[in-house]
Amino acid sequence: MGLTRRLIAAALALGLGGATAPAGGASAPPMIRPLAGVRTWVVYYGAEASAGPDLARFDVVVLDPHGHPPLPVIKRHGAVVLTYVSLGEVNTSHPEYAAIKDEPWVLAPNPSWPDARRLDVRAEAYRRWLLDRVVPAALAGPVNGLFLDTADIEEIRTVARWGVLDGVTTNPTLFGKTKGMTYDEVLKVICGITSGPVSAEVVADDVEGMLREGRHFAKLADNIYVKVPMSENGLEAMARFRAEGIRTNCTLIFSANQGLLAAKAGASLLSPFVGRLDDINEEGMTVIRELAEIVAIHELETEVLTASVRHPRHVTDAALAGSHIATVPFKVFQQMVRHPLTDKGIVQFRSDWDKARKALAANEGKAPEDVKPTEARV
Ligand code: G3P
């Protein structure tokens, strides 16, 4: 009987009882609701995509932050997704294991869980690792959303105020457009404005040069992702950054295969340039669609970040193609906010409001500006 079935059986065995009426339309499988108002939850340690639909039937789903079925499938009926942090133990598949495996506080294997190592919880260094590395990564969870593609501090502050900023991508061209600050200074300010990933790009093309620049950027702030262009040296550098626990964003990707290679080398973010592909009569969104599908099918520990976005339609198409993130220039963010009918509607509501106030004022023999429509009756 499949793992998820065993899980469901366990959940039901835990007295959560049978399913109630289907939720969210005839096609949705019945939510597991034994008693009216009783919420159901499940802990799932695996990453099998096939478990998604069953897990979606629970109200609360607890997942491994470093390997889990695709979230959109689990969330489709509104399940609340939580994550957990193991205390005093680490799985050898944990992304940070390579960087800590020789530490004195990493102890013997756990006899009942062979691919897990016990950790000395009394060690100060263990507590630092847990609080500085493990908990933030688990809370961060997968990165979804909208990034700003700029090094301009004012643009970043503006979009951050809108409450829609999930991260920032910079590159040498965007930095070149700023004035009066070093790249480090710009990056530090940006990392202070958003807690989301901030990409800083290396310019060296040899492995040791990339590692030197990347290690330097990674020390500037916890949310720095080192941006590495796709190349053979780039792949080697990304693999070594992963071994050191430094997160990378592979840039200048123009094919699904380049993305697949970067994911295998350990890149946390994959940046295909849709605008530049469109520029040469190729359909950039094809690469996004193919890469998002490959990442979902093979449960790769990475996310697709649509880059070189030129217009609002790129953002819609990227979201529909399954891209986890889009990095968007400020001008395109502004265009996304606007719609002529919204502008027309705001003007119409305003004039109807003013008309109502005039009518109220006339009723009460007052000047329109003295009438507060919230207090007066039409
Ligand atoms: O994120 C990459 C982006 O900055 C490149 O955009 O418009 O120069 O292709 P573009």
Side-chain angles (χ1 to χ4, degrees), residues 143-156 158-160 164-179 181 183 186-187 189-191 193-194 196-205 210 213-214 217 223-231 234 238 247-256 258-259 262-263 267-289 291-292 295 302-319 321 323-336:
V143 180
N144 301 32
L146 289 173
F147 288 13
L148 194 50
D149 197 23
T150 184
D152 182 304
I153 303 296
E154 276 326 301
E155 291 180 352
I156 297 167
T158 303
V159 176
V164 298
L165 186 66
D166 297 307
V168 173
T169 52
T170 72
N171 62 40
T173 311
L174 295 169
F175 170 63
K177 294 179 183 161
T178 65
K179 296 235 170 343
M181 292 167 84
Y183 195 24
V186 167
L187 291 168
V189 173
I190 298 174
C191 290
I193 298 169
T194 176
V198 174
S199 293
E201 187 158 342
V202 298
V203 288
D205 54 12
M210 291 179 188
E213 290 174 34
F217 290 142
N223 52 335
I224 286 279
Y225 281 53
V226 178
K227 216 175 186 187
V228 180
M230 166 52 65
S231 68
M238 284 184 271
R247 290 166 294 191
T248 54
N249 171 358
C250 183
T251 188
L252 290 170
I253 287 175
F254 293 97
S255 72
Q258 286 182 318
S268 308
L269 301 173
L270 310 174
S271 296
F273 280 36
V274 292
R276 295 191 188 183
L277 284 163
D278 293 356
D279 290 348
I280 60 164
N281 296 316
E282 289 187 25
E283 211 241 335
M285 217 42 76
T286 304
V287 177
I288 301 297
R289 213 169 289 115
L291 206 42
V295 167
T302 189
E303 281 163 308
V304 178
L305 189 167
T306 301
S308 176
V309 164
R310 299 292 175 70
H311 48 74
R313 192 68 218 174
H314 269 157
V315 180
T316 314
D317 292 344
S323 186
H324 303 84
I325 305 156
T327 190
V328 182
F330 183 63
K331 183 171 76 35
V332 177
F333 252 114
Q334 289 180 305
Q335 291 167 326
M336 287 168 69

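Atoms within a ligand are numbered from 1 in the order they appear, just like the ligands themselves. Because the structure is a prediction, the values reported are computed rather than measured.
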Quiz item: What's the shortest distance from atom 7 (O) of ligand 1 to any protein heavy atom, and which residue and atom give it?
Solution: Arg310 NE, 2.8 Å
Exercise. For residues Glu213 and Val203, report the shortest heavy-atom separation together with the two atoms involved.
Key: OE1-N, 2.8 Å
Quiz item: Ala307 heavy atoms, cut-off 4.0 Å: which ligand 1 atoms fall inside?
Solution: 1 (O)
Quiz item: To which protein heavy atom is atom 1 (O) of ligand 1 closest, and what is the distance rounded to 0.1 Å?
Solution: Asp149 OD2, 2.9 Å
Quiz item: So, for Phe147 and Asp166, which heavy atoms are closest and what is the spacing to 0.1 Å?
Solution: CE1-O, 3.4 Å
Quiz item: Got a second to check how far Thr170's OG1 is from Leu187's CG, nearest 0.5 Å?
Solution: 5.5 Å
Quiz item: At their closest point, which heavy atom of Ala292 faces which heavy atom of Ser323, and how far apart are they?
Solution: CB-N, 4.3 Å
Practice problem: May I ask you to identify the nearest protein heavy atom to atom 6 (O) of ligand 1, giving residue, atom name and distance to one decimal place in Å? | Solution: Ser308 CA, 3.5 Å
Exercise. Would you name the heavy atoms of Val287 and Pro272 that are closest together and state the gap between them?
Key: CG1-CB, 3.9 Å
Self-check item: Protein residue, atom and distance nearest to atom 5 (C) of ligand 1, heavy-atom basis
Solution: Arg276 NH2, 3.5 Å
Exercise. Examine ligand 1 and decide if any of its atoms is less than 4.0 Å from a heavy atom belonging to Thr169.
Key: no
